[in-house]
Amino acid sequence: MNEWTMIEAINHALAFQLRENPNTIILGEDVGVNGGVFRATEGLQQKFGEQRVIDTPLAESTIIGMSIGMASQGLIPIPEIQFMGFIYPAIDQILGHAARLRNRTRGRLSCPMVIRAPFGGGIHAPEHHSESTEAIFAHIPGLRVVIPSSPARAYGLLIAAIQDPDPVIFLEPKRIYRDGKQAIEDNGEALPLDTCFTLREGIDLTLVTWGAMVKETLQAAEQLAAKGIDAEVIDVATIKPLDIDTIIDSVNKTGRCIIVHEAAKTCGVGAEIAALLAEKNITSLLAPIQRVSGYDTVMPMFQNEHFYMPSTERIINAATKSMEYR
Amino acid sequence: MNEWTMIEAINHALAFQLRENPNTIILGEDVGVNGGVFRATEGLQQKFGEQRVIDTPLAESTIIGMSIGMASQGLIPIPEIQFMGFIYPAIDQILGHAARLRNRTRGRLSCPMVIRAPFGGGIHAPEHHSESTEAIFAHIPGLRVVIPSSPARAYGLLIAAIQDPDPVIFLEPKRIYRDGKQAIEDNGEALPLDTCFTLREGIDLTLVTWGAMVKETLQAAEQLAAKGIDAEVIDVATIKPLDIDTIIDSVNKTGRCIIVHEAAKTCGVGAEIAALLAEKNITSLLAPIQRVSGYDTVMPMFQNEHFYMPSTERIINAATKSMEYR
Amino acid sequence: MNKNSLTIGRSNYLDNNGTLLKALPDSLNKRKFLISLYQTMVLTRLFDETAINLQRTGIIGTYASCRGQEAIGVAIGHAMLADDVFIPYYRDIAAQFQRGVLLEEVLQYWGGDERGSNFSQQANDFPLCVPIATQLCHAVGIAFALKYQSKPNVAVVTCGDGATSKGDFYEALNMAGAMSLPTLFVINNNQWAISVPLERQTASPTLAHKALAAGISAVQVDGNDLLAMYISVSDALEQIRQTGKPLLIEAVTYRLSDHTTADDATRYMSQKALDDAKQKEPLIRFKHFLTEQHSWTDKEDRALYQQCQQQVDTSVEVYKNLPAQQPGEFFDYMYEQLPNSLVEQKQAFLDGLKRHE
Amino acid sequence: MNKNSLTIGRSNYLDNNGTLLKALPDSLNKRKFLISLYQTMVLTRLFDETAINLQRTGIIGTYASCRGQEAIGVAIGHAMLADDVFIPYYRDIAAQFQRGVLLEEVLQYWGGDERGSNFSQQANDFPLCVPIATQLCHAVGIAFALKYQSKPNVAVVTCGDGATSKGDFYEALNMAGAMSLPTLFVINNNQWAISVPLERQTASPTLAHKALAAGISAVQVDGNDLLAMYISVSDALEQIRQTGKPLLIEAVTYRLSDHTTADDATRYMSQKALDDAKQKEPLIRFKHFLTEQHSWTDKEDRALYQQCQQQVDTSVEVYKNLPAQQPGEFFDYMYEQLPNSLVEQKQAFLDGLKRHE
Ligand SMILES: Cc1ncc(C[n+]2csc(CCOP(=O)(O)OP(=O)(O)O)c2C)c(N)n1
Ligand SMILES: Cc1ncc(C[n+]2csc(CCOP(=O)(O)OP(=O)(O)O)c2C)c(N)n1
Ligand SMILES: [Mg+2]
Ligand SMILES: [Mg+2]
């Protein structure tokens with residue numbers, strides 16, 4: 001067993017797959033010699049060579065576009081986008097081609113690839129380095145969107161994503177890259193790509209979240225427990241396709257649901273979860289579904305980013321309000 | 001008064017603003033000599049000259065990027081994206097700059113512009129010519145998203161969008177470009193950019209929709225009326241910022257809500273509306289909120305596009321189911 | 001193809017009438033082979049005319065004609081090896097036919113049916129690409145795969161003159177140059193991007209010049225001169241196989257049609273420009289060459305046209321008789337395995353159909 | 001700057017030591033003016049060193065040093081007219097200072113405060129742009145506006161060598177060329193894009209060559225030679241004002257720092273390369289030139305450094321004493337008028353703050 005941080009777990013999952021399958025290729029800006037600006041690919045070029053871990057020119061559209069071409073010919077590209085804020089030049093390729101190649105050719109060609117990108121706020125970075133726009137990708141038919149929230153889930157979900165035959169957007173909550181270690185066996189064991197993780201069982205209230213916000217949400221659950229409120233905490237993890245059944249089962253039990261995410265509120269993934277509950281689960285709801293989320297503003301520059309990101313306190317307030325509702 | 005189709009109304013609204021304000025500039029692919037592939041800009045280059053109505057090179061990112069530069073210096077650019085399917089190379093500019101320039105400079109620079117793009121299915125066009133991804137833009141803080149559903153609303157909302165000091169994504173449901181005429185006074189009168197239009201009053205059920213789907217939704221309402229079900233029909237029109245109050249008031253009255261849109265279901269704008277109702281209006285709901293929408297698949301090529309797009313029948317089925325619910 | 005020369009070479013074997021300007025290499029100067037080139041050209045022309053008619057009668061949807069630009073596709077299709085990979089754009093049916101794409105599959109594609117891109121005889125080539133210039137990036141990745149797999153093959157990708165204004169065009173060239181990937185870029189410079197004439201796209205003196213920005217050698221070719229095109233493409237492929245480095249060919253042609261059947265070129269293209277261009281079109285020139293150099297007869301010509309028309313007609317019949325897609329098939333290829341949410345949506349869709357019946 | 005020459009000219013006035021290679025135009029050879037250039041360079045260097053220290057002590061956030069590349073910004077800042085518009089990237093503070101951006105505003109920006117881009121003394125220039133190369137497109141639109149408004153001004157935009165691999169770089173150049181817009185593109189070729197060396201970005205022999213793809217004339221300049229830079233930028237601006245046509249300058253420099261304070265260049269940059277580059281850095285060379293040609297003394301130099309350091313220190317004090325933003329200010333500039341939904345969200349936010357107190 002190894003004690004790894006999330007970034008180390010990611011590094012080892014990548015190494016495992018590079019070892020396992022010679023068709024696996026990592027490419028992106030600064031992923032080679034430098035090992036990635038967060039060191040996710042540290043040491044991999046030395047180990048696997050310049051043809052397997054490639055420093056590309058600065059061109060996101062073509063990094064993804066060429067990955068599509070590679071994937072179509074039997075390779076498994078793992079492009080890194082340095083920060084999620086720089087994925088937008090590649091959306092055309094992701095939405096227009098990666099997500100469509102299988103369907104467009106009725107299965108003749110396909111696009112197994114994993115696009116990795118660090119995302120989210122809280123590290124005092126410059127503008128465009130702190131946003132969360134997973135909802136954009138969740139809206140696009142044909143993609144998978146996966147977000148780990150712990151070293152072990154990062155390892156198992158990344159392995160699963162690389163082994164999956166379809167394109168996966170793998171978003172890494174960089175705020176918790178180095179936030180504690182977990183014991184992980186480096187055995188290439190994949191976690192399922194279609195199941196939420198219930199991190200805490202409870203009967204009074206369901207807190208649904210993902211990514212770095214799992215931290216504040218678990219903290220909130222602890223503090224709520226001290227007040228006698230027993231919250232269930234669900235880490236969605238596989239944002240798309242979404243495992244709504246686990247969430248529905250929980251809300252059937254608790255009757256109350258709060259969704260927590262860093263992204264802007266309007267048309268965020270929280271909206272989809274709330275809408276599915278309002279569609280499938282309305283009778284079991286004892287209180288309004290609240291979203292504790294980023295505001296519909298630009299993520300402020302770092303002086304004020306803490307105002308934007310949901311705090312433990314905001315979650316607790318929402319939970320209290322929910323419990324008081326009748 | 002003039003009897004205009006939607007495309008004629010758009011053409012006249014553009015002409016009105018070009019006449020009114022010499023800083024108004026239209027630019028895009030084929031908008032000049034050819035008058036646009038749908039003829040939205042027909043005759044405008046002849047009337048206003050090559051410096052005001054500009055055929056650009058084929059480069060969406062720069063069409064929008066340069067529009068941002070123009071807007072920052074006192075011009076009011078109205079770039080046309082030939083089909084919404086080709087807006088994605090420009091998302092980086094839209095999300096990263098158009099939506100942020102005012103906030104980034106604390107109001108020193110701003111970005112008054114209207115990005116026009118035809119969208120939606122039903123005209124038997126090739127791949128990428130029929131999609132509806134308004135939700136992506138609705139998720140982006142700092143934008144307005146406006147979708148007309150009749151010639152008169154196209155005229156008034158486009159005038160309003162051009163006069164608005166912030167960037168507007170103006171999506172034109174091309175399926176109804178030539179779907180009937182309406183009497184319109186060419187007086188430059190703007191419609192509000194923050195108010196839904198209630199197109200039909202009713203007490204049993206609220207049908208919420210926008211764009212081309214207004215047609216099927218109104219048809220469904222008529223047929224439901226024949227069955228004794230009195231539906232209220234709301235055309236959201238100003239997708240972002242969203243006027244949820246009008247929808248809430250209606251659902252307070254009816255207790256039942258169905259949202260109809262062409263876009264894929266997951267994380268569509270329907271999700272946001274449902275989520276807001278589940279948050280603010282849950283006690284008045286007498287039935288689950290249903291979404292009648294496109295599926296989470298790629299919009300099929302045109303042989304099968306009718307299977308994808310919500311039909312009057314699907315809306316009626318959902319409405320019937322809602323009415324039966326208790 | 002000298003990187004350090006700004007005078008981009010322009011290659012020609014036939015003059016505007018089809019008279020041979022210089023001797024052909026012996027290896028090419030074979031009647032049968034030359035007729036096979038001509039045959040693909042004729043087949044393409046007849047298919048094209050038929051497709052336009054099918055659109056007019058509603059049997060297929062919008063269609064993009066390649067009239068006047070057939071020589072490019074013919075040259076590419078005949079010069080490529082089977083294991084090279086072709087990444088076409090929408091005016092390349094000549095090459096697609098030659099590489100095993102069936103005529104009825106092309107009809108199916110323009111008929112709005114995804115199955116038209118599930119080529120039954122061609123495993124690796126890409127389907128048509130609608131978002132302009134995006135395919136150039138795919139080609140670079142395919143070239144990477146070919147190189148990585150140590151195959152002696154080339155990724156051949158095409159685009160139009162308008163496409164050269166897109167960032168993806170340049171990024172792809174630059175990437176292929178920087179990473180030294182076996183890619184052949186062929187530009188069909190047909191002078192128009194819908195209604196926008198070439199001179200509005202760029203101030204660059206030729207489109208071949210654009211390769212210099214990526215450190216790639218380039219040549220300009222008369223794209224209506226089938227011999228020049230064939231030799232240029234063959235030479236380029238040969239050179240790429242040897243050096244591993246990308247190359248670019250600008251094929252200069254003229255669009256002798258509306259942009260697509262949804263367009264009306266009379267709004268922006270002068271009759272005179274069109275008439276002038278028609279003089280230089282590839283079929284007449286190549287027939288003249290065959291007649292002069294290989295005693296091609298009118299009778300042979302008529303027979304060839306007849307045979308090709310028959311092939312086209314047969315494909316139309318096959319197309320018309322293809323069964324419709326399975327209802328709900330549009331769900332089935334979104335992922336290798338249909339996720340739960342889509343299983344549910346598909347079921348709801350099928351139930352709706354049943355209710356409808 | 002001959003469009004038809006592939007031998008891109010390389011401009012130099014000073015050798016690597018700072019010895020004058022050819023006579024300066026009389027109009028420039030004025031001691032006071034030359035010292036004013038030097039002063040901006042020194043100010044920038046000292047500000048840069050201070051900013052790095054402020055980052056180390058947590059007083060500002062990540063900061064991108066321009067060490068060794070100061071001459072570019074100085075040349076641009078001094079050569080531009082006030083009514084030209086500058087669209088900078090993040091290593092251009094020298095030019096920004098010269099154009100009226102306050103030192104404390106730059107600190108505020110890197111300190112994570114949007115108000116740093118609300119320049120109090122500079123109305124039209126753009127703020128720093130993070131997404132690489134996107135600013136080049138803005139410049140083209142600004143150039144359009146200047147031309148449309150019949151102003152005799154130029155949009156001046158800068159980017160790095162890595163930025164030249166992006167589609168936006170090429171699209172912007174091509175658009176400016178095709179539409180003939182008064183734009184000056186200046187590339188700071190500092191040999192690195194974070195850890196990626198220039199030779200991995202492109203196979204193009206120089207970055208100036210890339211202008212040829214857009215039909216734009218270009219020149220390569222020693223970017224560490226302040227005289228060559230100043231004269232090149234001045235000449236280019238003059239020429240653009242006369243012709244209305246865009247131009248490109250590749251300024252060859254070397255990054256004498258980590259990419260940003262978040263980076264560790266020792267992971268990828270050899271000490272030797274760095275040491276070599278340090279020999280050619282602009283401040284030493286220009287001081288040598290001033291000493292040789294204008295009897296600049298060590299005493300004057302010390303006084304200048306002292307004066308500049310004081311200016312920097314003052315700005316740090318001002319920065320530290322700036323009041324915090326109003327709580328909720330981040331809502332207020334999303335739209336000219338706050339929409340209802342944001343009024344509600346802002347109120348909830350403020351209520352939450354109050355509850356917290
Ligand atoms: C990104 C993008 N923008 C716009 C379009 C619409 N469109 C289709 S073809 C075309 C013109 C293409 O011109 P060119 O590249 O010269 O190819 P040609 O059709 O002339 O062969 C345009 C603008 C598109 N398909 N993709
Ligand atoms: C589109 C985009 N991709 C990636 C980044 C991350 N990034 C910031 S600076 C940089 C390197 C830029 O290199 P260059 O253009 O040479 O400028 P330099 O920093 O060397 O001055 C990268 C990759 C970014 N800001 N934007
Ligand atoms: Mg063309
Ligand atoms: Mg650099």
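Chain letters run A, B, ... following the sequence lines, proteins first and then strands; every chain starts at 1. Just so it is clear, the values below take in all heavy atoms, side chains as well, and ignore hydrogens, waters and symmetry mates.
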Could you work out, with side-chain contact (heavy atoms from CB on, under 4.5 Å) as the rule, every residue matching A:Ala221, not counting sequence neighbours? A:Arg200, A:Leu207, A:Ala231, A:Val233
D:Gly111, D:Ala193, D:Gly162, D:Gly352: which one forms the most heavy-atom pairs within less than 4.5 Å of chain A? D:Gly111
Under 30°, 30 to 60°, or over 60°: which ring-plane class applies to D:Phe331 and D:Phe349, parallel, tilted or perpendicular? tilted
Compare every heavy atom of D:Ala208 with every heavy atom of D:Leu248, then report the nearest pair and how far apart it is. CD2-CA, 3.9 Å
What part of D:Leu353 lies closer than 4.5 angstrom to a heavy atom of chain A: side chain, backbone, both or neither? side chain
Restricting to non-hydrogen atoms, name the atom on D:Phe185 and the atom on D:Ala172 that form the minimum distance, rounded to 0.1 Å. CZ-O, 3.9 Å
Could you report the tightest heavy-atom contact between A:Ile63 and A:Pro79, atom names first, then the distance? CG2-CB, 3.8 Å
For D:Asn321, give me all partners under side chain to side chain donor-acceptor pair (under 3.5 Å), at least two apart in sequence or on another chain. none
By side-chain contact (heavy atoms from CB on, under 4.5 Å), A:Ala319 pairs with (sequence neighbours left out) A:Leu205, A:Leu224, A:Ile258
Is A:Pro126 in contact with chain D via its backbone, its side chain, both, or neither, using a 4.5 Å heavy-atom distance? side chain
Below 4.5 Å from any heavy atom of chain A, which atoms of D:Ile194 appear? Answer side chain, backbone, both or neither. both
So, A:Phe119 versus A:Phe83, ring centres under 6.0 angstrom or not? no
Using distance alone, with no hydrogens and no angle check, list the donor-acceptor pairs under 3.5 Å between chain D and chain A.
from	atom 1	to	atom 2	distance (Å)
D:Gly111	O	A:Gln303	NE2	2.8
D:Gly112	O	A:Gln303	N	3.0
D:Glu114	OE2	A:Met301	N	2.6
D:Lys166	NZ	A:Glu60	OE1	2.9
D:Ser195	N	A:Asp30	OD1	2.8
D:Ser195	OG	A:Asp30	OD1	2.6
D:Arg200	NH1	A:Asp55	O	3.4
D:Arg200	NH2	A:Glu50	OE1	2.6
D:Gln201	OE1	A:Leu58	N	3.1
D:Arg267	NE	A:Asn34	O	3.4
D:Arg267	NE	A:Asn34	OD1	3.2
D:Arg267	NH1	A:Glu42	OE2	3.4
D:Arg267	NH2	A:Asn34	O	3.1
D:Arg267	NH2	A:Glu42	OE2	3.0
D:Gln325	OE1	A:Asn304	ND2	3.3
D:Gln345	OE1	A:Asp296	N	2.8
D:Gln345	NE2	A:Asp296	OD2	2.8
D:His356	ND1	A:Glu313	OE1	2.5
D:His356	ND1	A:Glu313	OE2	3.2

Side chain, backbone, both or neither: which part of D:Ala163 has an atom under 4.5 Å from a heavy atom of chain A? backbone
